[in-house]
Amino acid sequence: MGVATLYAMTTPVVDPAIEAYAAAHTTAPSDHLLKVAEATRSAEGGMSRMMVGALEGRFLEFLVFMTGARRIVEIGTFTGYSALSMAEALPDDGRIVTCEFDPKRAEMARSHFDASPHAAKIEVRVGPAVDTIAALDGPFDLVFIDADKPNYSNYYEAVLPKLADDGLIAADNTLWSGQVIDDKDDSEGTVAIRRFNDAVAADNRVICVQLTVRDGVTL
């Protein structure tokens, strides 16, 4: 199975009309985020569905606002939309380290960061995210996991020991277009997300809630 398939080639689990209504009643993205979205759709075609989009982008921004996060780690940069969304809520001394395995996508994201007012807040590191995390000093205030699904549990275990006492992990695509409840689906991505969801729900080190925002976000 190709890397693209292991990433989120999914659609929101919410009725599209409800999704559109929610987006219409959410503050519109900034101009530079609109440009990132347009460039992503142009460069990535169908793969652009991996981008979090306007509704979830604002959701991530609000997580930063509400938690007061200053040190953020993102696993899975893609073209930079989610990192820029979170950066909008960071103070000038706040920092995001975003991990991307694909050098070409990392370069595209850097160009988007450089064109925004938030370039100084964001550092892109290329390579396996588990290795990047091992090289970082904690504590992390907020971690956003949105990368290859078979490694979700590995990413979770890598960041949890470095999470601040009142820190937050947000994992994307945890409803996987509803495939998590399809007993006939035993594909690698679906099995990995089910395993991750079950492990987090049973983990007495954390308190969790699974939300039906777009394709599912577990906090």
Side-chain angles (χ1 to χ4, degrees), residues 1-26 29 37 40-41 44 46-64 66-67 72-79 81-83 85-86 99 129 142-160 163 167-219:
M1 186 175 293
V3 172
T5 308
L6 297 182
Y7 276 82
M9 290 303 293
T10 55
T11 54
V13 294
V14 178
D15 183 298
I18 294 295
E19 181 86 5
Y21 183 87
H25 291 81
T26 297
T40 300
R41 286 190 288 268
E44 296 286 344
M47 295 290 287
S48 64
R49 291 160 59 188
M50 289 165 47
M51 182 174 59
V52 297
L55 188 65
E56 191 174 352
R58 283 294 181 197
F59 176 72
L60 292 172
E61 180 185 11
F62 262 78
L63 290 183
V64 180
M66 291 186 293
T67 62
I72 299 173
V73 174
E74 176 182 59
I75 302 171
T77 312
F78 193 39
T79 60
Y81 193 103
S82 50
S85 295
M86 292 185 284
C99 311
L142 174 63
V143 176
F144 181 47
I145 302 174
D146 185 18
D148 57 308
K149 309 315 167 189
N151 270 311
Y152 261 38
S153 294
N154 294 330
Y155 299 144
Y156 174 81
E157 292 296 342
V159 299
L160 191 58
L163 197 66
L168 177 67
I169 297 172
D172 201 13
N173 304 116
T174 56
L175 291 177
W176 203 234
S177 287
Q179 294 305 109
V180 287
I181 61 171
D182 182 355
D183 294 337
K184 296 179 182 179
D185 187 345
D186 60 357
S187 60
E188 186 176 10
T190 301
V191 170
I193 289 293
R194 282 197 201 107
R195 185 182 301 119
F196 173 77
N197 290 341
D198 291 345
V200 172
D203 191 345
N204 60 16
R205 296 171 295 177
V206 301
I207 296 171
C208 68
V209 58
Q210 188 172 50
L211 306 176
T212 53
V213 175
R214 284 186 61 78
D215 194 34
V217 179
T218 295
L219 305 179

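Sequential numbering from 1 along the given sequence is applied to the chain's residues. Source: prediction; values computed, not measured.
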Using the test side chain to side chain contact (heavy atoms under 4.5 Å, CB included), find all partners of [X] that sit at least two apart in sequence or belong to another chain.
X      : answer
Ile207 : none
Leu211 : Phe59, Val209, Val213, Leu219
Thr79  : Val36, Thr40, Glu44, Met108, His112
Asp198 : none

Subject >> Tyr152 and Asn197 side chains, donor-acceptor separation under 3.5 Å >> reply: no
Original post:
Any luck finding a side-chain donor-acceptor pair between Thr190 and Gln179 under 3.5 Å?
Top reply: no
Subject >> Donor-acceptor under 3.5 Å (Arg214 side chain, Leu55 main chain) >> reply: no
**OP:** Output yes when a side-chain donor or acceptor of Asp148 lies under 3.5 Å from a complementary backbone atom of Pro150, and no otherwise.
**Re:** no
Original post:
With sequence neighbours excluded, what pairs up with Tyr156 under the ring pair (Phe, Tyr, Trp, His ring centres under 6.0 Å) test?
Top reply: Phe196
Subject >> Sequence-distant partners of Phe144, ring pair (Phe, Tyr, Trp, His ring centres under 6.0 Å), two or more places apart >> reply: none
Measure the [atom1]-[atom2] distance between [X] and [Y] for me, rounded to the nearest 0.5 Å.
X      : Y      : atom1 : atom2 : result
Leu60  : Ile72  : CG    : CD1   : 9.0 Å
Tyr155 : Ile75  : OH    : CD1   : 7.0 Å
Lys149 : Asp146 : NZ    : CG    : 4.5 Å
Ile18  : Tyr21  : CD1   : OH    : 8.5 Å
Ile169 : Leu163 : CD1   : CG    : 5.0 Å
Asp215 : Thr174 : CG    : OG1   : 7.5 Å

Subject >> Counterpart residues, salt bridge (Lys or Arg N to Asp or Glu O under 4.0 Å), relative to Asp182 (two or more places apart) >> reply: none
Quick one: closest heavy-atom pair of [X] and [Y], and the distance?
X      : Y      : answer
Arg194 : Val180 : NE-O, 2.8 Å
Val73  : Cys99  : CG1-SG, 4.4 Å
Ala201 : Cys208 : CA-SG, 3.9 Å
Ala170 : Leu63  : CB-CD1, 4.2 Å
Ala147 : Gly76  : CB-CA, 4.0 Å

Please name all residues satisfying side-chain hydrogen bond (donor to acceptor under 3.5 Å, both in side chains) with [X], sequence neighbours left out, ordered by chain then number.
X      : value
Arg58  : Glu61
Tyr81  : none
Glu56  : none
Asn154 : Asn151

